[in-house]
Amino acid sequence: AITETLEIPTIGIGAGGGTSGQVLVFHDMLGMLSHPHHEQFVPKFCKRYAQVGLAIQQGLQEFKNDVESGIFPGEEYSPYVMTEKERAAFDALLKK
């Protein structure tokens, strides 16, 4: 009734299909949070379209391990090198 009465769109979050549009928190709908608390507390109105939280957590853990062990970034992911001229100019700026 409200949507039909108003001249502006109404947006629902858990309000059913009687609105002009819908909104969901993308963290909820993509399953981005993998902490056990978040797994137990998914809003009742949220349909989960994916379960990416565990993949994100795994990727972040691998990144952390690579950084801490010195594997990353390594030469493969460090393609930018200063020329001698750039290095001299940089060193001169540091001395100011």
Is a side-chain N or O of T3 found less than 3.5 angstrom from the main chain of G18, in a donor-acceptor match?
yes

Can I56 be reached from F63 by stepping across I, L, V, M, F, W or Y side chains whose heavy atoms are under 4.5 Å apart?
no

Does V67 share a hydrophobic cluster with Y77, counting links as ILVMFWY side-chain heavy atoms below 4.5 Å and allowing steps through other members?
yes

CG on D66 to CD on E68, rounded to 0.5 Å:
10.0 Å

Can you tell me if Q61 and Q57 form a side-chain donor-acceptor pair at under 3.5 Å?
no

So how far is it from M82 CE to D91 CG, rounded to the nearest 0.5 Å?
7.5 Å

Would you give the length of the straight line joining atom CD1 of I13 to atom CD of Q22, rounded to the nearest 0.5 angstrom?
9.0 Å

Are Y49 and V23 connected, step by step, through hydrophobic side chains (Ile, Leu, Val, Met, Phe, Trp, Tyr) whose heavy atoms are closer than 4.5 Å?
yes

In Å, rounded to the nearest 0.5 Å, how long is the span from CG of L60 to NZ of K64?
11.0 Å

For E75, I'd like to know if atom CD has over 12 heavy atoms of other residues, nucleotides or ligands within 6.0 Å.
no

Kindly compute the distance separating OG1 (T19) from CG (L6), expressed to the nearest 0.5 Å.
11.5 Å

Non-hydrogen atoms of P9 and S20 that approach each other most closely:
CA-OG, 3.5 Å

